[in-house]
Protein chains: 2
Amino acid sequence: MAKRSSRTTIHDIAGALGLNASTVSRALNDHPAVSRQTRELIQGKAREMDYQANHIAAALRKGRSDILGVIVPAVDRAFFASVIRGIEEEADREGFRVIVCQSYDSSERERTMVETLQRLQVDGILISSAKDGKNDLEFYRRIIASGQPIQFFDNVPQELDVPSVVINDQQGAYAATAHLIEQGYQRIAHLRGPQHQHIYRDRFRGYLDALRDAGRPTPPEYIVDIVSHFDSGKESFARLWSLHPRPDAIFSASDFSAAGGIKAAQSLGVRVPEDLAFIGFSNEPFTELITPSLSSVDQQTLTMGQRAARRAIDTIKQRNALDVSHERLVLSPKIILRASSLRNAK
Amino acid sequence: MAKRSSRTTIHDIAGALGLNASTVSRALNDHPAVSRQTRELIQGKAREMDYQANHIAAALRKGRSDILGVIVPAVDRAFFASVIRGIEEEADREGFRVIVCQSYDSSERERTMVETLQRLQVDGILISSAKDGKNDLEFYRRIIASGQPIQFFDNVPQELDVPSVVINDQQGAYAATAHLIEQGYQRIAHLRGPQHQHIYRDRFRGYLDALRDAGRPTPPEYIVDIVSHFDSGKESFARLWSLHPRPDAIFSASDFSAAGGIKAAQSLGVRVPEDLAFIGFSNEPFTELITPSLSSVDQQTLTMGQRAARRAIDTIKQRNALDVSHERLVLSPKIILRASSLRNAK
DNA sequence: ATTATTCTAACAATCGATTGCATAGATAGG
DNA sequence: CCTATCTATGCAATCGATTGTTAGAATAAT
């Protein structure tokens with residue numbers, strides 16, 4: 001009588017006590033319609049028999065799985081890893097589990113993942129959209145219309161009115177640029193990310209706005225297009241350094257490119273930040289480890305994950321009630337000042 | 001007839017076609033006992049009605065969820081983020097989803113997570129054990145005895161004979177130290193990680209073995225205890241630099257401490273790698289971005305994740321068959337040489 | 001023409017927990 | 001002592017898909 005290979009079920013407990021499974025179920029869920037006596041009896045027996053609820057069965061019956069699905073381009077990018085941590089923390093607090101999928105920035109794969117998650121009956125889906133520019137708005141609209149709780153974060157297809165948590169890239173870029181101005185830098189260049197992505201358009205706009213508000217001109221040759229890579233930063237530095245007059249500060253839309261720029265500058269004996277200041281974007285973990293440490297714009301990744309999860313969960317729980325969270329939540333980025341942009345290091 | 005709020009089920013399809021749900025189920029699974037005609041009819045209707053299988057229901061019936069549970073200390077550490085990526089890739093290839101949980105390095109939480117995952121009927125569990133030294137071996141043994149597929153990776157409780165995928169820390173440390181010797185460095189110090197963790201014991205041993213095999217003495221004052229942090233590296237450098245004679249190379253069991261050491265050295269005008277070489281451990285993403293770029297030992301994280309997932313899945317599929325994967329798979333780390341330890345940079 | 005053999009599809013049980021409804025027993029009120 | 005009101009359980013249906021068994025029809029063999 002100990003060799004039972006399969007797990008114990010409520011029926012086993014019921015059988016062992018001469019009760020009905022429904023009573024066992026209620027007892028284990030602290031349903032008030034069960035007397036204290038039998039409840040304790042049942043709970044004791046359950047412990048004794050090492051009962052583990054079958055969540056799948058309950059999920060099928062209840063129509064809720066207590067699982068959130070998360071789709072990100074890649075889990076090993078620092079940004080997403082951190083957001084996922086935030087999501088997991090918040091979900092855990094609310095008794096939800098998190099299934100993580102990668103889209104590898106392919107919209108097609110992203111759609112497949114959404115369907116897979118739906119088949120799994122996840123209660124909600126959190127997405128940072130693929131950045132291949134092939135997002136199918138109709139697809140998203142159908143999901144939303146179907147009532148499936150869905151919450152976007154970070155990268156959200158524009159023209160789409162969906163619940164989302166994003167950061168204000170424009171504001172972050174503005175602050176970064178304003179900081180350089182405030183530090184007394186005169187000729188501020190910009191390493192500009194791919195303009196088909198709105199986050200980079202926003203950063204560019206923040207840069208332009210800050211210069212305009214300070215009454216500074218923006219020589220077009222000070223704007224160099226990059227992709228978010230180390231080497232791209234190196235090349236951009238070379239290009240900028242060949243100009244007359246040379247810039248004395250660079251706001252990069254990417255930390256990686258900023259780091260590349262710094263390295264290229266140093267290899268020519270250019271002193272950072274004395275001759276040339278740098279400030280990046282994203283506050284990648286490495287920014288405080290390089291020399292000089294790189295000023296950057298923190299994207300509140302942990303908070304983003306927490307908020308996104310919280311809103312998804314709220315929506316799930318309020319199903320059919322007034323749903324207040326269809327709005328776009330915009331987080332304020334925080335500029336982190338480090339040596340690379342501080343002329344008068346304190 | 002379009003307002004149906006709940007999803008379409010096989011019964012809906014069956015109803016629409018005057019067939020039985022079981023036939024629909026078989027048709028959708030390409031069961032041979034369904035004629036081509038009806039199969040196509042059914043599949044067509046399914047598409048038309050936008051049918052999405054309910055994975056939960058199938059899981060309950062089949063007793064398999066096609067879900068893997070993963071428990072790591074923290075998803076936002078580069079090491080784990082990368083391993084998770086590997087796991088996810090491999091799982092995806094095999095039609096499995098991945099649920100990720102964090103233990104925050106608490107063994108107690110880890111146990112809770114294991115139980116939660118079991119309730120969710122995950123088909124297998126992958127664990128990198130919490131490093132608080134409170135691992136309950138009995139708990140693990142019970143799970144293994146229960147037949148629940150479980151696969152460890154990275155940090156595995158010693159004295160426990162379980163399927164696992166690890167890297168050979170000793171070998172990595174040996175190679176790193178041997179490399180310094182080969183580069184002509186004479187007095188090699190070691191920043192030694194907490195010795196209650198076997199991975200750090202192994203690294204220490206690799207260091208000692210390499211020196212011994214080269215016939216070098218190991219002055220005890222060249223061994224400094226650290227925790228894996230930037231500041232710990234700074235302090236350790238200071239300590240080492242006050243010795244007579246000073247070391248001319250440092251093998252650090254942590255990239256972070258190595259980075260801290262480099263920064264501290266540079267601030268005193270010590271040239272790296274000319275006056276003092278550094279090699280770290282883990283090949284953290286930042287290692288190639290700092291100046292000089294930091295040599296390190298790559299832990300094959302992606303491979304580790306892939307292998308761990310593959311073995312878990314193999315075990316799941318071979319249930320009751322000969323299970324070949326109860327062994328410990330030991331991956332060989334790879335030393336990555338960068339500027340910080342190359343005297344004669346090519 | 002009749003029996004044997006295949007095919008197809010239907011029937012029904014099942015996975016394990018939940019939950020609306022019914023009921024037996026207990027307690028209270030008159 | 002009898003009816004009304006609770007209370008604590010039991011009963012049975014249900015969630016949606018899967019699957020062993022069975023029955024009917026079609027085809028082949030005799």
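The shown structure was predicted, so the numbers you read here are calculated from the model rather than taken from an experiment. Lettering follows sequence order; numbering is per chain, from 1.
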* Asked: Considering only side-chain heavy atoms of Thr9(B), which listed nucleotide, dG16(D), dT8(C), dT9(D), is closest?
  -> dG16(D)

* Please state whether the phosphate of dA9(C), meaning OP1 or OP2, lies under 4.0 angstrom from any side-chain nitrogen or oxygen of Ser35(B). => yes

* CG of Leu19(B) versus P of dC7(C): gap in Å, rounded? -> 20 Å

* Output the distance between atom CD1 (Ile87(A)) and atom CZ (Phe153(A)), rounded to the nearest 0.5 Å. => 4.5 Å

* Reckon Ser22(A) touches a base, only the sugar-phosphate, or nothing at all at heavy-atom distances under 4.0 Å? -> base

* Closest nucleotide among dT9(D), dG20(C), dC15(C) to the Arg61(B) side chain -> dC15(C)

* Grab the CZ-P distance between Arg119(B) and dT18(C) for me, whole Å please. => 12 Å

* Side-chain N,O (Asn54(A)) to OP1/OP2 (dA17(C)) below 4.0 Å -> no

* Structure fact -> Separation of dG16(C) atom P from Arg64(A) atom CZ, nearest Å, is 21 Å

* Contact class for Ile56(A) (heavy atom, under 4.0 Å): base, sugar-phosphate, or nothing? -> nothing

* Structure fact -> Separation of dT19(D) atom P from Leu28(B) atom CG, nearest Å, is 13 Å

* Round to a whole Å and report the spacing from CD of Glu40(B) to P of dT8(C). => 13 Å

* Asked: What is the distance, rounded to the nearest whole Å, between atom NZ of Lys62(B) and atom C1' of dG16(C)?
  -> 17 Å

* Asked: In whole Å, what is the span from the CG atom of Asn29(B) to the C1' atom of dA17(D)?
  -> 9 Å

* Asked: Base, sugar-phosphate, or nothing for His31(A), non-hydrogen atoms under 4.0 angstrom?
  -> nothing

* Asked: Between Ile10(A) (CD1) and dT9(D) (P), how many Å, whole number?
  -> 15 Å

* Ser107(B) vs Asn135(B), side-chain hydrogen bond (donor to acceptor under 3.5 Å, both in side chains): CA-CA, chis, key distance, verdict -> CA-CA 6 Å; Ser107(B) 291; Asn135(B) 304 305; 3.1 Å; yes

* Mind checking Ala33(A) for me? I need base, sugar-phosphate or nothing, with any heavy atom below 4.0 Å counting as a touch. => base

* To do: For Arg39(B) and for Ala57(B), locate the closest nucleotide of DNA chain C by heavy-atom distance; then report the residue assigned to the nucleotide nearer the 5' terminus.
  => Arg39(B)

* **Lys/Arg-Asp/Glu bridge criterion (N-O < 4.0 Å) met for Asp92(A), Arg109(B)** => yes

* **SB check Arg111(B) Glu108(B) (cutoff 4.0 Å)** => no

* Without hydrogens or angle criteria, can the side chains of Gln306(A) and Glu89(A) be said to hold a donor-acceptor pair below 3.5 Å? -> yes

* Respond yes when some side-chain nitrogen or oxygen of Thr38(B) is under 4.0 Å from OP1 or OP2 of dA9(C), and no when none is. => yes

* Hey, is the side chain of Asn20(B) poking within less than 4.0 Å of OP1 or OP2 on dA9(C), counting only N and O atoms? -> no

* With a 4.0 Å cut-off on heavy atoms, is Val34(B) in touch with a base, just the backbone sugar-phosphate, or nothing at all? -> sugar-phosphate

* To do: Report yes if a donor N or O on one partner sits less than 3.5 Å from an acceptor N or O on the other, where the partners are the side chain of Arg26(A) and the base of dG20(C); otherwise report no.
  => yes

* Where the side chain of Leu60(B) is concerned, which of dT8(C), dC15(C), dT19(D) is the nearest nucleotide? -> dC15(C)

* So, Arg85(B) and Glu88(B), do they make that salt bridge, N to O below 4.0 Å? -> no

